[in-house]
Amino acid sequence: MKLCVFGNPIQQSRSPDIHHHFAQLCGLNVSYEKCLAPLDAFESTVRQFIASGGKGGNVTVPFKEEALALCSHLSDRARAAGAVNTLSFINGEIHGDNTDGIGLVSDLLGKGVKLENSRILLIGAGGAARGVVLPILAQQPESITIINRTVAKAQGLVAQFNDTRLVADGLDISETQPFDIVINATSASLTDTAVELPEGIIANHTICYDMVYGSDKTAFMQYCEQKGACQTFDGLGMLVGQAAESFNIWTGCMPDVQATLICVRNMLAK
Ligand code: NDP
């Protein structure tokens, strides 16, 4: 099966390693390549890939919204996220899904993090934050407070879902009670910056999760540890989790996420 990941830049992507490992685990013959799409030619790049026999593709920055517009069929979660990270090419039609949210939720649940009845703080209101709101709500949290540097974007996100468990605020959040779970969905860690939070938001029972990952602890993870968080995680498990869901959509085989996670973590450490 011929698959790829579309993005720009794409050099840094770990997706081929992850999907080739999945293919090995499932005993399938898969070719998964990196596909650099010019910024003004995403659609033609996708169509060329289909013409060359491509059966599916992941989509990464900055094309997830464009990918949504290209699809003739959309899953509910892709529609709710307003973004597509998984394309399937079936009988001349393009189907779109978004597996980012389920990737995060399955990683958290797999780590023993309880989402049900939890008070959750989600920092950021970009594409990644949008994609995780619906899958987290499905786990029946007590509340999700969404805070963002640009408050209007957090307010817009909350308005989109019409759910009383959602609250919007700025980074100077007025809430003073500590949260059970804090999820960083901003790209601040990519520039080694931690989003700083008012005192009292993180307590010694708080679990903190940064969607960014790397060979070392991210700036946000280090900041949360200093504030007394009981556990911190990076987003590598989310990356492998979302990839596994995409792989399952294309091949019907759900690979062993933990086995691949260990392998990719070792690659990052080198
Ligand atoms: P977007 O560009 O759509 O959104 C970026 C968000 O980060 C916005 O909310 C923006 O705020 C905020 N932000 C950026 N810089 C700062 C800063 N210095 N201080 C405070 N807030 C800041 O990106 P995505 O939502 O697509 O991705 C966000 C992060 O999640 C990325 O780092 C990405 O790598 C990661 N990610 C990880 C995945 C995984 O599988 N592990 C999957 C998807 C994403 P504002 O609106 O004010 O600009």
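For the single chain, residues carry numbers from 1 onward in sequence order. Atoms within a ligand are numbered from 1 in the order they appear, just like the ligands themselves. These numbers were taken from a predicted model, which means no experiment stands behind them.
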Next item on the list: Would you mind listing which atoms of ligand 1 come within a distance below 4.0 Å of any non-hydrogen atom of G124?
Entry: 9 (O)
Notebook entry, point to check: Which atoms of ligand 1 are found less than 4.0 Å from any heavy atom of G126?
Noted result: 3 (O), 4 (O), 9 (O), 25 (O)
Checklist line | Nearest neighbour of atom 14 (C) of ligand 1 from the list A194, A185, S187, on a heavy-atom basis | finding: S187
Next item on the list: Ignoring hydrogens, just give me the one of R149, K64, Q12, E65 whose non-hydrogen atom is nearest atom 15 (N) of ligand 1.
Entry: R149
Note to self: Before you tell me yes or no, could you show the steps for W250 and H95 under ring-ring contact (aromatic ring centres under 6.0 Å, His included), namely the whole-Å CA-CA distance, both residues' side-chain angles and the distance that decides it to 0.1 Å?
What the structure shows: CA-CA 11 Å; W250 296 319; H95 296 243; over 10 Å; no
Is any side-chain heavy atom of [X] less than 4.5 Å from a side-chain heavy atom of [Y]?
X: F179; Y: I202; answer: no
X: L87; Y: C71; answer: yes
X: K64; Y: D100; answer: yes
X: F220; Y: I123; answer: yes
X: R119; Y: E175; answer: yes
X: C230; Y: N204; answer: no

Next item on the list: Under 4.0 Å, heavy atoms only, figure out whether ligand 1 is touched by the backbone of S189, its side chain, both or neither.
Entry: neither
Notebook entry, point to check: Taking non-hydrogen atoms only, is N148 closer than 4.0 angstrom to ligand 1 via side chain, backbone, both or neither?
Noted result: side chain
Check: What do you reckon, does A125 put a non-hydrogen atom under 4.0 Å from ligand 1?
Finding: yes
Margin query: Can you tell me if V212 contacts ligand 1 (heavy atom of the residue under 4.0 Å from the ligand)?
Written below: yes
State whether the shortest distance between N or O atoms of [X] and N or O atoms of ligand 1 falls below 3.5 angstrom.
X: G235; value: yes
X: T193; value: no
X: A128; value: yes

Note to self: Ring-plane angle category for F49 and F6, please: parallel below 30°, perpendicular beyond 60°, tilted otherwise.
What the structure shows: perpendicular
Notebook entry, point to check: Can you find a protein heavy atom under 4.0 Å from atom 48 (O) of ligand 1?
Noted result: yes
